[in-house]
Each structure stands twice: as C-alpha cells, then as structure tokens.
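In what follows, every chain begins at residue 1, and chains take the letters A, B, ... in the order their sequences are listed.
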2 protein chains.
Amino acid sequence: MNFSTRPSLSAPRSHAFCCTAMQCPAFVYSKLMSMHTFVKIFCTRVRHRATWPLCNDRLVRGTRDAMAKKTKTTSNATLPERANRTTIVDVARCAGVHWSTVSRGLNPEKRHLISPEMIERVETCAKQLGYRANAMASALRTQRSRTVGVIVSNLGDPVHPPIVRAIEDRFAEIGYVTIVGNTDNHPGRQAALIERFIQQGVEGLIVATFERNDPGIAVCVEANIPVVAVFRDPESEFVPSVRIDDAKAMELAVHHLAERGHRKIAHIGGPQNVSTGYHRYRGFRRACKALANQGVEPSAVFGEAFTVEEGQFACERLLADHNDITAIVAGNDMLAVGCLRFLRSKGIDCPNAISVVGMNDMLFMEDIAPALTTVRTPTADLGTQASCILVSMIQGLPISNDRILLKPELMVRDSVTSVDAQQSTKRRRPAK
Amino acid sequence: MNFSTRPSLSAPRSHAFCCTAMQCPAFVYSKLMSMHTFVKIFCTRVRHRATWPLCNDRLVRGTRDAMAKKTKTTSNATLPERANRTTIVDVARCAGVHWSTVSRGLNPEKRHLISPEMIERVETCAKQLGYRANAMASALRTQRSRTVGVIVSNLGDPVHPPIVRAIEDRFAEIGYVTIVGNTDNHPGRQAALIERFIQQGVEGLIVATFERNDPGIAVCVEANIPVVAVFRDPESEFVPSVRIDDAKAMELAVHHLAERGHRKIAHIGGPQNVSTGYHRYRGFRRACKALANQGVEPSAVFGEAFTVEEGQFACERLLADHNDITAIVAGNDMLAVGCLRFLRSKGIDCPNAISVVGMNDMLFMEDIAPALTTVRTPTADLGTQASCILVSMIQGLPISNDRILLKPELMVRDSVTSVDAQQSTKRRRPAK
DNA sequence: CTGAAAGCGCTTACAG
DNA sequence: CTGAAAGCGCTTACAG
C-alpha cells in the first residue's frame, strides 16, 4: 500500500478534484495514488470545501479577494500541493465575512473587537471546516515563531532527558514547541544545529553542550537569539547559565571519603574542555589539598568522554599506575558505572577493596550493584530554571540572577565503606 | 543585567537606530534595554547594514523594491521588532542584483541558472552580511516545513530517548528539524500536541503513544499528515507501525523460566489499553497455555502504568495473593525494577526466592542487582526504521512494509535461577 | 542568465 | 464593529 500523502506532486491534481469520485479516470489512472488514499483525500476535501463550487481547484483558490481584481491566474503548477489544509480564507468564505474578521474572532486578544454573534459564526465555521491556523504564516507575520531549541550532546545519555523533559513542559505551558538536537560533542554538529535552529526561527535556545569559551556563543549573540547555557558553564558574560555547583559536589564526595578514613583517593575525570569535567577536577583537587594535612593524597586519570567505556579504560589505567588507592571519585555516574564494571570484571570488590563515588544520581543508580553513593544533580530543576530564564528573556523581562548554581546533595548508599572495614575484609585486590 | 533581546517592543526603536552610539539619549533613556545590550545590538546592526544608509530604519526597510512604486509608507509600529535579521533583500542590495537572483544563487538546485561570477558575488555578500534564510518564510512558500514531530509519553522513561535520538539523527541527515512532546499518557495532552504540531506544519509525525484504536489517528489522517506509530501498535490500517514482537518476547521469557523448572509463573502487566501491555499479557498467557501440559500455571496482576512504583505495588499485591509463585515475568524493565525493589525491601532474595525477567533491556539493566535477565527491545532500530518509513511517506515513495515487527532477544543474566537451585537454598521467603 | 511579479497564510494599522 | 490592504521573507513561473 502506498501511504504517500503527496501523491500528486506531478499529477493533474487540480483537474482531479474537479470531478466526483465516480467520474475521475484521469486521477486514478495517474496511479500516483492508491484508491484508498484517493478516496480518503477526496472525502476530506469534499467535507472541508462543502461550500465551495467544485470546479477547477486553482480557480477556486483564485477566487480569493485578491483575485477579484486581477484577471490573470498565475499558474503554480509545480508548487507542491498544500495538504489542502483549510485556510482562514475558507473559513471567511463559509462565514460570509472578511478574513480579517475571522482572524480577530479566533484570536482571544482581539475578540473584544468583534460582535458576539460574529464570533459565534466564525467559530462555528472554523470548527466545521476543521480550521487550524498555520503557525508558520502567523509566525512570519508576527515575527514570533513560538518555538525554542534545545541542544544536548546525546539524548541517549540519561542525564539529558530529564532536562529536556522539564524544558518541554515549561514551554508547552505557554504554547511553545520544543525542537531538539544532539551534537555528540562535535563542535561541527553543534554549529550546524545552531545555524539550523536560528534559520528555523527559534525564539530562544537552551544549550547543554557549550564548551568553555565556545564560539557558538558569539553566533547566537550576533544573531540576537536569547540563549541560556544549562548544565555546563560557558564562562561567558553574554549567556546566563544554570548549572550544578560542580566543585562543591566533588568536595562533598572527597569529604565523605576522608571522613571514612580514605587517604589515597583517585579521581576519574571527564574531558577538561567542558566545564563539568574541568570544575569537577578542580573541585576534587582543591578539596584534597584542603585535607592534605590529614594525609589525603589525590591522584587522577581522565576519560575522553563521560561514558561507561571511558570509565572502564580509565579505571584500568588508574589501577595500573596507582595500585594503592582505596577510593575513587568518578567525574559522573557513567564513569562510575564503568569503574564498577571494570572492578567486577577483575573480581575486585566494591566497596570492600575500592570504594566508588559517582556524580549526578541518574535513574537506577540506587539499583545497581553496589547501590552507588553519588552526588545528586537535580536535572529536572536545571531544565526548569533554564526555561524560566529563557522565558523572561523572550518576553523582554529582566532576570534577577543570570548565574544560577544549584546545590549538590550527597546520596549515601553502598559503594563506599570505611578504610577500617576495608582492612578487616579482603581489602587488597588480587595481584594483577 | 537585562538580557532581553526584544527590549524595544514599545520603545522608539526606529529612531534609536538612526543615531550613533554617542548621540542616543532617547534610546538609552527609555531604559528598556541595558547599555550592554544596546551596544551589542547596535554594533551587530552597524556591521550587518554597513551598506545601508543609517537613516530611519522603517524607511530603509521601505526602500525594498515594492517601495519604489508606492509612496505611502505603512507604519507597523506595533509589530514586534524583527531580530533585525538580514534578509534576502539585504543581500540583493549588497550585491546590486534582484533578490530572485540571490535566491537562485544560494539554492544548489537552481544555481545552474546563474552565471558563476554572479554566484560568487551573491555568496560573498551573503557571507559578509551573515545571511541566513528564514526557514519559515521558505516553508510558507514551498509548503514544506522540513520539520517532523515526535510524540512520546515521557522522555524521563529510559526507553524513549534512544528512539527519539535515532529519529533526530535520521532527519538531521536530510536537513529536517525534530520537535518533541510528552503526553504522560494523557489522551488530552496527546490531542493537544498533535493539534499543535499540525499547526506548526510538521511534514510528518512519529507517535509512540497511540492507544489501541486511538482517536488521534483520525485527526492525522484527516489532516493528511503522514504518521507512523512506533513501539505501540495502533491497530489501524491507516498508520504504518514499527514495533517489537511483544508476544514473542513474553514467549521467550516464559520458555526460559519453564526450562529452568518454573511452573508457578506470574505476570506483572502494564496497562491493557496500550498494545504493549495488552500484547505482552496475551503473549504471556498463550505461552503458558502452550506449556500447560507441563504443569505451567500462570497468574497475573497489573500495574496502572509502566513505572517502578507500579511495579512495587503490583509485586506486593501479587505476593499477597499468590505466595507460591517462583518466578515473575514483568511487563517491562521499569516494572521489573519495581519488583526487585520490593523484594529487596522485604528481604526476599532474587533469584533464589523468586526469579524475575524484565523486558526492553534499558540502559544499566546489566548493572543492577541482580543483573536483570530481560528481553531486549532494539529501541534505536525502532526509531531508525520508523524514520525511514516516514521519510518515504514524506517523499511520496511507496513503502514496502508498513507493519514492521522487530525480533526480541533474550538477555540471560542473573535474575533467574532454576527451581532446583531455589529449593537447595533458602527458597521460601520469610513468612509475612 | 536576470528581473519583475505573484502568492504562500496570516496579522494589524487604517478607514469607514 | 467590519472591510480592504499591506507586508512578513521567501520561491518560482513567466518574460525578456
């Protein structure tokens, strides 16, 4: 079956719709449309255009008011057929009024200009014809697309969906539509996406992929598109940001470990060209330094991305170089899960041989083995707050705080034990 | 700081831009824009409009070719200020040619109509002015929005993001932009979303929330919007669907358990008004019936949604009514995780007291305790295949198979053990 | 090869 | 309270 809904791109469609279903050989003959599709479209059309003369389609369209004065019919034969959507003109014709009246009658803000019975008449016709305003035409005229864009690195990474979800919720409330794109952390893809979204006319952008001093920022500022950075800190005075206090999060993790007697603590960091990786590493180092007098000795190794695989590799390298560590602070939960997988694969017990702390507290981190002690990032809040700022920017309202730093919270679970407990069990890992 | 980029909705903006930064008291005075924003916009503007006379903005805009003949300047004072975006007319003016030539020069498909030096000139100007075609204007004219919509129940549910991700990837390839919406399984929200997306002019829709015989289908068919159902089966001849073979999946699970000696097997099902819940339950029953001669005795209890919480509640009810079961086949991984949480909370060992099988194999299901034996749904494939069908529909190509059923695959892990093993350990759960 | 014009479907200032 | 007209920024058939 052919499900195409644009079957007549090159078919003599204007002719087709002149004839009734009974007398339409040319149409069916063109074979560009299945009988089923034809009947479907035809019926819809007949219902929608009930008040129209069923003559030449082009001519009918042509009877629009402009047509009244111009005698020449422009032929637009190669224009892709509109999905024969009901327009404001159709409604106007049905109601026997001018389209401007229809527009007013259907717009709550202009409705007061119209008599009640007129509103009623217009609404009835609109409902009857199944009229739906063309948002693009409206946007073109009003210069407001009621559209926002969200750019993330990868929706497949479980930190992002809650952010996007929260944003969509907030904007749906005010009738905006949310378009999303994934960059996979490729600057090129990000640039292309920003370009495409601006072309698309987004009224604002929420970006979760800005690197430090990202060139994408200049593009948005120049195009005069409100942007807010979420999750990552673009370190730009031009862009408000909403993020978690990464350094503080690492401090919580390090203190938690130090209180339990850990001294040889390692960090498995993420990429340092993004603020999350960078600030977490710095936070880790600073926290360790502050505890140096207690004998805390930090070490670090880095993944090239915040992924489980990188976590595994990094963990392997870490243990090769620093066999004496008792605890790991991972740059995020993905890396932490990678650690756990590696440790498990080597028969190294967590937390009894090595304790692990993650960050973000993604879904299911309480269900994994061992239940992961991690620092929670309120991802939905991140999205909500970013949305609120963006809404203000779009509406031209001042924003009180353009540098929002959410508080991290330590979730104590089972992947950390005290050094004492480690020593009383088979603390040492199997020799390599 | 005020980050607004539309500060002058009511400010005398056209006047503002007549003056240089030095002599602009009225503008700054209006206090609708911070100095910083003003300077930013002003600089951008000066750079972009370098070739324009810096006189009255409205007048400058008015010098468009239509203006040449009409003496009266229409005032559009209350129109929200365009983000003073460079238009095709600006480029034309810069290049000293007609805009139609610019349009052709910038469109790869029409470029052959234009002389090479003309193309060069146009491209130079476009680049210099930072021209970006207005996708909405283009869409309005061509009747193609290069936009598709994706509707899911909840991006926060980890099954959906990979689907959306795959769809976005496929459509980004052909320059389409993807808009997403969440319904939370509320028919009302779904209807509103479909309505809004159609208004927005989507060329197609991928819907993961169709119930059986969903009324939303008629809306799309009537509006002549290509739709493909993903994940769920709308049971409609009008809509192609791409889904997993739910019944087969349950069969795999039941057989896996039966082979390991389980006879009292329970199903924790999802909502029965959606095909996933419905077909999985039916598949479970059929598989059990086929093994009735081996003594397999099914039982079932249902959650009201595919959530962890519902899994917990359902598991509690199940054990209250059927204390003798040895294994549970959950309707999906969320329900399975709910089971595991409940069992853990009651000190009931999985798999040694009760074995559990999930479905979908979401991220981290191999990491939870115990590693979940589950039936994998290739979610990314679901998205990819749905996208391919939708692309064909949009392009008016015939589609070979409009009822795609992907094969499930059993992932054997640690949440199932044999009844023998169960009996040799502390099989019986603590009495309630 | 390039220009001039029309029109996609709306909204809104201006008349009446 | 309603109508007539203009224009948002494009694309494209038609002339030349």
Calculate the interatomic distance between [X] atom [atom1] and [N] atom [atom2]; express it in whole Å.
{"X": "B:H98", "N": "C:dC1", "atom1": "NE2", "atom2": "C1'", "value": "14 Å"}
{"X": "B:L106", "N": "C:dT2", "atom1": "CG", "atom2": "P", "value": "14 Å"}
{"X": "B:R85", "N": "D:dC10", "atom1": "CZ", "atom2": "C1'", "value": "11 Å"}
{"X": "B:L113", "N": "D:dG16", "atom1": "CG", "atom2": "P", "value": "18 Å"}

(request) Drop me the distance from A:L205's CG to A:I151's CD1, to the nearest 0.5 angstrom. (result) 4.5 Å
(request) Could you pull out the closest heavy-atom pair between A:V227 and A:C220, with the gap in Å? (result) CG2-CB, 3.2 Å
(message) Restricting to non-hydrogen atoms, name the atom on B:R132 and the atom on A:A223 that form the minimum distance, rounded to 0.1 Å.
(response) NH2-CB, 3.3 Å
(message) Given 3.5 Å as the limit, does a donor-acceptor pair link the side chain of B:R85 with the main chain of B:A133, or not?
(response) yes
(message) Quick check against the 3.5 Å criterion: does B:S145 have a side-chain atom that pairs as donor or acceptor with the backbone of B:G201?
(response) yes
(request) Both distances under 3.5 Å, Watson-Crick or G-U wobble: on that basis, could you give the dot-bracket string for DNA chain D, with [ ] for crossing pairs and | for other-strand partners? (result) |||.||||||||.|||
(request) When you get a sec, tell me which of C:dC10, D:dC10, C:dG9 is the closest nucleotide to the side chain of B:W99? (result) D:dC10
(request) Return the nearest nucleotide to the side chain of A:A133; candidates are C:dG9, D:dC10, C:dC10. (result) C:dC10
(request) Report the residue (B:G96 or A:N107) whose heavy-atom-nearest nucleotide on DNA chain C is the more 5′ of the two. (result) B:G96
(request) Apply side-chain contact (heavy atoms from CB on, under 4.5 Å) to the pair A:R196 and B:R146, showing each step before the final yes or no. (result) CA-CA 11 Å; A:R196 182 70 183 81; B:R146 301 172 77 75; 3.5 Å; yes
(message) Check this one for me: any side-chain N or O of B:T101 less than 4.0 Å away from OP1 or OP2 of C:dG3?
(response) yes
(message) Can you tell whether the side chains of A:R189 and B:E168 come within less than 4.0 Å, N to carboxylate O?
(response) yes
(message) Does atom CD (B:E120) have a neighbourhood of more than 12 heavy atoms from anything else shown, all under 6.0 Å?
(response) no
Identify each donor-acceptor pair in which a side-chain atom of residues 102-112 of chain A lies under 3.5 Å from a protein atom, sequence neighbours left out, and give them as a table.
from   : atom 1 : to     : atom 2 : distance (Å)
A:N107 : OD1    : A:E109 : N      : 2.8
A:R111 : NE     : A:G105 : O      : 2.9
A:R111 : NH2    : A:G105 : O      : 3.4
A:H112 : ND1    : A:E109 : O      : 3.2

(message) What residues from residues 114-124 of chain B pass a heavy-atom cutoff of under 4.0 Å to DNA chain D?
(response) none
(message) At 4.0 Å (heavy atoms only), tell me whether B:R132 reaches a base, stays on the sugar-phosphate, or touches nothing.
(response) sugar-phosphate
(message) So B:S138, base contact, sugar-phosphate only, or nothing? Heavy-atom distance under 4.0 Å.
(response) sugar-phosphate
(request) Please tell me which of B:L140 and B:R104 maps to the more 5' nucleotide of DNA chain D, matching each residue to the nucleotide holding its nearest heavy atom. (result) B:L140
